Number of protein chains: 2
Amino acid sequence: MYRDLSERKKKILGAIINAHIQFGEPVGSKYLSQNEDMSCSPATIRNEMAELEALGYLEQPHTSAGRVPSELGYRFYVDSLVERYSMTTKEIEEIDRSLQRKLSEVDQILSEASKLASSFTNYTGIAVKPRLPRTVISRYESIYIDGRSFVLVMLFPDGQAKTKTMHLGFPISRVELSQLTDALNDKMTGITSDRITFTLLSELERAVPSISSIISPVAKAIYETMTDSDGGDVKIDGVDNLLDYPEYSDVSSVRHLLGMFDRKDEILSLISAKDDDKVNVYIGKENSVDIMNNSALVYRTIKRDGNVVGAIGVIGPCRMDYSKVISTIERLASGIDSMLNPKDDDLKGER
Amino acid sequence: MYRDLSERKKKILGAIINAHIQFGEPVGSKYLSQNEDMSCSPATIRNEMAELEALGYLEQPHTSAGRVPSELGYRFYVDSLVERYSMTTKEIEEIDRSLQRKLSEVDQILSEASKLASSFTNYTGIAVKPRLPRTVISRYESIYIDGRSFVLVMLFPDGQAKTKTMHLGFPISRVELSQLTDALNDKMTGITSDRITFTLLSELERAVPSISSIISPVAKAIYETMTDSDGGDVKIDGVDNLLDYPEYSDVSSVRHLLGMFDRKDEILSLISAKDDDKVNVYIGKENSVDIMNNSALVYRTIKRDGNVVGAIGVIGPCRMDYSKVISTIERLASGIDSMLNPKDDDLKGER
DNA sequence: TGTTAGCACTCTTTGGCTTTGAGTGCTAAC
DNA sequence: GTTAGCACTCAAAGCCAAAGAGTGCTAACA
């Protein structure tokens, strides 16, 4: 697709995008010939630029302005020109150090990752926990607290656990509690939330006749837990970073972006769609999220035991320092990956 | 303090604030005499306005503009003039219905409340979970999963429970696990996180010599859990609502506000400071959070069993529809309160 | 045939200028 | 104490000209 570009065109296109990323303003022929050692005159560059514009890689805000990369141009740049930003040892150390403060739960890791992504890149960081396929509970345990309350522990197949503290209006004995637990383990394991039916509840009530009135609130708690963990979540940090960039100096553009953050579902589905192991870049309207008018999204998914458990990324203007952002996300994501999938040492850390 | 204002001054001040809230622009004498049936001429009103300005209730952006309420003016308005907004049955129903979708955990209730506050008022909703006083764990339980992993359940004095799933690099037996649990219950209950010392860990290791290498990761998990739940949290929703108001049409003012949202700590400490049962209103610089330059904060705390577990509120421009906002927050908060503190029915719902 | 210099042309940006209009403060009359 | 009248102030809007940046085109050149 990009075969038809001569080396010189590529060089010019790359130089324009670099300059535009740096200064945020349209780039003119004179600037290029002077500062980017093009070894040809402005006039020649103008000719090339005119052709690049005809091919769709460049755009002109108005007649007497320089050229600005189009979304196609950025795409080309990201795909082929971008040289990997080589991080300084200091930067690498800083990222690694930040990750050291190893947080235990996936949720927390992601939420922290969003902050890190934001602070290292100066764009807006996002972290996504995808909507999981329907969860089933594989085992129940209960912990007796006192005559009127107990903790219900629900274990999921992936080893996660959730708890609910139940307060009852009437006393319950340890024996009854263990009957209840047995009944739950007998009837309520391995099923999805939509299979919790009235029939099932009646069966349960029959299994523990002495405390049948407890079934309904317990079932409700279970149902809530199952449906809860279905939900995806999107964390966003550093929105105010964006306001430093002229593309968002207009309130309406900010509103666009903020509006998108409220429609987190779209981000969720966008990111959940693709789950390869590399950093992905969506530029402007390329993606279904049409609100991302003048913005780009760089992200990478996070896996654990081969399953996607989340993603981290960065949102910023199309004119983004891609090489730096990509490297940062790359390193953050792989750092998190290795935290979540520790090598088989003598003793693994907890999750 | 406000005794010295004549009835007519109060009326004029109130009319100015109402008009300014409605239109967002400085209010002139002519407008008042025409539209608010003042029964006196513009000139008279001008005299009164000049005095109100001298007293500090009004301000003039520049010589030839109308008057704008000062922060003191708003404060006066909120304290004495505001007539409680009477909600329509429809609005009340809608709030109640939204609250019906009763979410179980405090965290979720608050996060949902923030969305509700935002959508009912069209300002920015915030929900706060305060930094709790240092947490201690009152009891440990463990659930055996398989030879190499188990779930550690930690119970807090208030009945909450947290879990950590531990994956080990070596096998552990049920007996050893219960030894571990006993040791934890013996040595690690009732202490704050800063008292988990090396000495304590050594004692623990001595208590379970056969699996002493497990102590360190377990202790780490416990420490993390304890320090986690210390942390407060602030949820914010509907930031983009604000952009509809001209006060925030300037990017720098938006940045101010967004910056504040990143410094959630300040909001946290502000709200945690006062814990009475009524709706509080902070206007502009009244509060320590000096960033709230041109903004006001309306909130009310949420209690459970007499303890503050959070707060919900709204942030918007000083020029805010206080009567509506106050009623909305009032109703939301009391609705949540009653969800969290159910009447003693036969069977209480879970928490 | 590709490159370059030169030049006319376009179009935004900037600054200064005036006009407009809203709203005030003051004074004098009621 | 209230009101009408009037001069005054000042931001906002509109207008115009000048400046400046950058282009496209043409013609000369290698």
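Here is how names work: the chains are called A, B, and so on, in the same order as the sequence lines, proteins then strands, and each is numbered from 1. Here the structure is a predicted model, which is why all the values come from computation and not from measurement.
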For DNA chain C, produce a single dot-bracket line, 5' to 3'. Pairs: Watson-Crick or G-U wobble, both distances under 3.5 Å. Symbols: ( ) within strand, [ ] crossing, | other strand, . unpaired. ||||||||||||||||||||||||||||||
Show me the protein contacts with nucleotides 7-11 of chain D, counting only N or O atoms at under 3.5 Å.
from: D:dC10; atom 1: O2; to: B:S64; atom 2: OG; distance (Å): 3.0

Under-3.5 Å N/O pairs linking protein and nucleotides 28-30 of chain D:
none

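A 4.5 Å side-chain heavy-atom check between A:S98 and A:I95 finds every atom pair outside the cut-off. Between A:Y57 and A:R67, every side-chain heavy-atom pair lies at or beyond the 4.5 Å cut-off. Considering only heavy atoms from C-beta on, A:Y245 comes within 4.5 Å of A:N122 through its side chain. Using a 4.5 Å heavy-atom cutoff, the side chains of B:R319 and B:P246 are in contact. Between A:P317 and A:L242 there is a side-chain heavy-atom pair separated by less than 4.5 Å. Using a 4.5 Å heavy-atom cutoff, the side chains of A:Y74 and A:V281 are not in contact.
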Would you check, one step at a time, whether the test side chain to side chain donor-acceptor pair (under 3.5 Å) holds for A:N18 with A:Y77? CA-CA 9 Å; A:N18 275 325; A:Y77 175 80; 2.8 Å; yes
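Atom-to-atom, CD of A:E51 to P of D:dT23 comes out at 15 Å; the value is rounded to the nearest Å. Distance, B:I16 CD1 to C:dT24 C1': 13 Å, rounded to whole Å. Summarising the geometry, the separation between CD on B:E53 and P on C:dC26 is reported as 11 Å, rounded to the nearest angstrom. When the C1' atom of C:dT13 is taken as reference, atom CD of A:E25 falls 12 Å away, rounded to whole Å. In this structure, B:I12 atom CD1 and C:dG23 atom P are separated by 16 Å, rounded to whole Å. Here the C1' atom of nucleotide D:dA21 and the CG atom of A:L32 are 14 Å apart, to the nearest Å. D:dG22 atom P lies 9 Å from atom CE of A:M49, rounded to whole Å. Distance CZ (A:F23) to P (D:dG22): 13 Å, rounded to an integer number of Å.
Sorted by first then second residue, the side chain to side chain donor-acceptor pair (under 3.5 Å) pairs that include residues 23-36 of chain B, not counting sequence neighbours, are B:S29-B:R46.
Put simply, OG on B:S80 and CG on B:L5 are 8.5 Å apart, with the number rounded to the nearest 0.5 Å. With rounding to the nearest 0.5 Å, the separation of CD1 in A:I283 from CE in A:M320 is 9.0 Å. Here the CD atom belonging to A:E330 is positioned 10.0 Å from the CD1 atom belonging to A:I312, to the nearest 0.5 angstrom.
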Where along nucleotides 1-7 of chain C does protein come under 4.0 Å, by heavy atom, of base (B) or sugar-phosphate alone (S), with - for untouched nucleotides? --SBBB-
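Shown here for B:N241 and B:S118, the closest heavy-atom pair between the two residues is ND2-OG, 3.3 Å. When every heavy atom of B:G73 is checked against every heavy atom of B:I17, the shortest pair comes out as O-CD1, 3.4 Å.
Legend: residues meeting side chain to side chain contact (heavy atoms under 4.5 Å, CB included) with B:E94, ordered by chain and number and at least two apart, are B:R97, B:F120.
The phosphate of D:dA21 has neither OP1 nor OP2 within less than 4.0 Å of any side-chain N or O from A:R67.
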